[in-house]
Participant: 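The following block contains the structure, expressed as structure tokens.
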Amino acid sequence: MRQQILIRFSYSIILTLLSPLLLYSLYKKKERKPAFGRRWKEHFGCTPSLNTTQAPIWIHAVSVGEAIAAAPIIKALKKQNPQQPILVTTTTSTGAEQIEKLGDLVEHRYMPIDFCFAVRSFLKATKPEKMLIMETELWPNTLHTVAKFGIPISVLNARLSEKSFLGYKKVQPIFNLLGKHLTHVCCQYKDDADRFVALGIQPEKVHVTGSVKFDIEITEQIQESGVILRKQLGEDRPIWIATSTHKGEDEQVIAAHRSLLNKIPNALLILVPRHPERFNSVFELCQGADFKTVKRTSNQTLTPDCQIYLGDTMGEMLTLIGASDICFMGGSLLGDKVGGHNLLEPAALAKPSITGPSYYNFLEIAETLIKGDATKVVTSAEELASLLEQLMTQPEYAERMGENAQDFISKNSGAVIKTLNLL
């Protein structure tokens, strides 16, 4: 017990020393990044009380990716019990913007920083009945304080890569503090579960429920919006999308498109940078490379000479993918810096996908899609251009790849129901 108190005390001192840098990063103004405004106080536990007297279920989704993953859980909880209040916290303002799209289904508050005084103040204001953490956002003081209030804590859609596992092993005493407070750890895959157990989580607390990201709801509205956009972009021209691209990768994508246009002059690229603050710089990059480029937010009528359509909006990824023929998933052509992004969205829309060689963040998903002939791997802009040409000139094969991807989704869906049954 004394050792645990010493570890938490040491951790709190380090956090205090580092907090100015963390806060600077959090509040730094960036293009397209929503401002916190007066709500910055919520990070320090100055949390407004909720518009309900019933204890809410508290879901923490740190930023955009986790907020998207939380959406099917939230909708399923509300379907089971429409009167159940749900409180969602995010750390970032972009995450908050994503949660706003859920409307009246939830109330949003910013997550307090990992100081005990801030977390205590938050809990007194909100009085949650349980805490559900999306993926693996574990903070020592938060878990300690929540547990002291008698609130059960579950981790949903949990992932633990080999890299993260080795990192936690180096600070095993700190992870021991985290693990003892967890009621359930609902993992995406058996490998994730095995790593949590290897770190000391009791096996009976660890479950394999699958990834809630497989439970992607492709509504009629999404399908219709994709069809409408496709008509606007050009029904008869081949269209590919490069989504969730990063700095240093956009240049490779643009180079591939230039090469592709030499073989298929009417091809159109939909380019969607991963981070909204980069929308304008990527637009300038495209123009500087002498491509006729149109922003989605410009609402311009597209002419046949448009070569790149910049997806500079948030929350429209399924619509943009739906309007394309082939999807390249970014974050995968930069060595081991990023580790790829989620290939399930194009799969749910029956689109063939392409990834670079770095996809360790979604290793099992990517390898299964590759093995099932639903995803192809390229290692350079030249290979990307060549594969795009092949798929565009062999539409029957591209369609078969898309069908393989959609079949993979159908066989692996159901994680939301498994998770709720456990809870």
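Values in this document were obtained by computation on a predicted structure and should not be read as measured data. Quick note: numbers below take in every heavy atom, side chains included, and nothing from hydrogens, waters or symmetry partners.
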Participant: Can a donor-acceptor pair be found between the side chains of Glu316 and Thr313 at a distance below 3.5 Å?
Facilitator: yes

Participant: Would you say Lys101 has more than 12 foreign heavy atoms packed within less than 6.0 Å of its NZ?
Facilitator: yes

Participant: Could you check whether Ser161 and Ser164, counting side-chain N and O atoms only, form a donor-acceptor pair closer than 3.5 Å?
Facilitator: yes

Participant: Apply ring pair (Phe, Tyr, Trp, His ring centres under 6.0 Å) to Tyr189 and list each qualifying residue two or more places apart in sequence or on a separate chain.
Facilitator: none

Participant: Using distance alone, with no hydrogens and no angle criterion, decide if Glu137 and Trp139 have a side-chain donor and acceptor under 3.5 Å apart.
Facilitator: yes

Participant: In this structure, is the centre-to-centre distance between the rings of His207 and Phe196 below 6.0 Å?
Facilitator: no

Participant: Show me the pairs that pass ring-ring contact (aromatic ring centres under 6.0 Å, His included) and involve residues 113-138, at least two apart or across chains.
Facilitator: Trp58-Phe122, Phe115-Phe117

Participant: Side chains of Thr94 and Pro34, heavy atoms from C-beta outward: is any pair under 4.5 Å?
Facilitator: yes

Participant: Check side chain to side chain contact (heavy atoms under 4.5 Å, CB included) between Ser380 and all other residues, then give those that pass, not counting sequence neighbours.
Facilitator: Glu382, Glu383

Participant: Looking at residues at least two apart in the chain, or sitting in another chain, which of them share a ring pair (Phe, Tyr, Trp, His ring centres under 6.0 Å) with Tyr168?
Facilitator: Phe175

Participant: Going through the checks in order, is the salt bridge (charged side-chain N to carboxylate O under 4.0 Å, His left out) test met by Asp250 and Arg274?
Facilitator: CA-CA 10 Å; Asp250 304 290; Arg274 176 69 175 179; over 6 Å; no

Participant: Is there side-chain contact between Gln223 and Thr319, with at least one heavy-atom pair below 4.5 Å?
Facilitator: no

Participant: Does the side chain of Ser353 pick up a donor-acceptor pair with the side chain of Thr375 at under 3.5 Å?
Facilitator: yes

Participant: Counting only heavy atoms not in Gln54, do more than 12 fall under 6.0 Å of its CD?
Facilitator: yes

Participant: Do other residues, nucleotides or ligands put more than 12 heavy atoms under 6.0 Å from Lys78 NZ?
Facilitator: yes

Participant: Are any side-chain N or O atoms of Gln188 and backbone N or O atoms of Asn157, one a donor and one an acceptor, separated by less than 3.5 Å?
Facilitator: yes

Participant: Please, which pairs that meet side chain to side chain donor-acceptor pair (under 3.5 Å) have at least one residue in residues 333-352, sequence neighbours excluded?
Facilitator: His246-His341

Participant: How would you list all residue pairs meeting side chain to side chain donor-acceptor pair (under 3.5 Å) that involve residues 105-116, not counting sequence neighbours?
Facilitator: Tyr11-Asp114, Arg39-His108, Thr90-His108, Glu107-Arg109, Asp114-Thr142

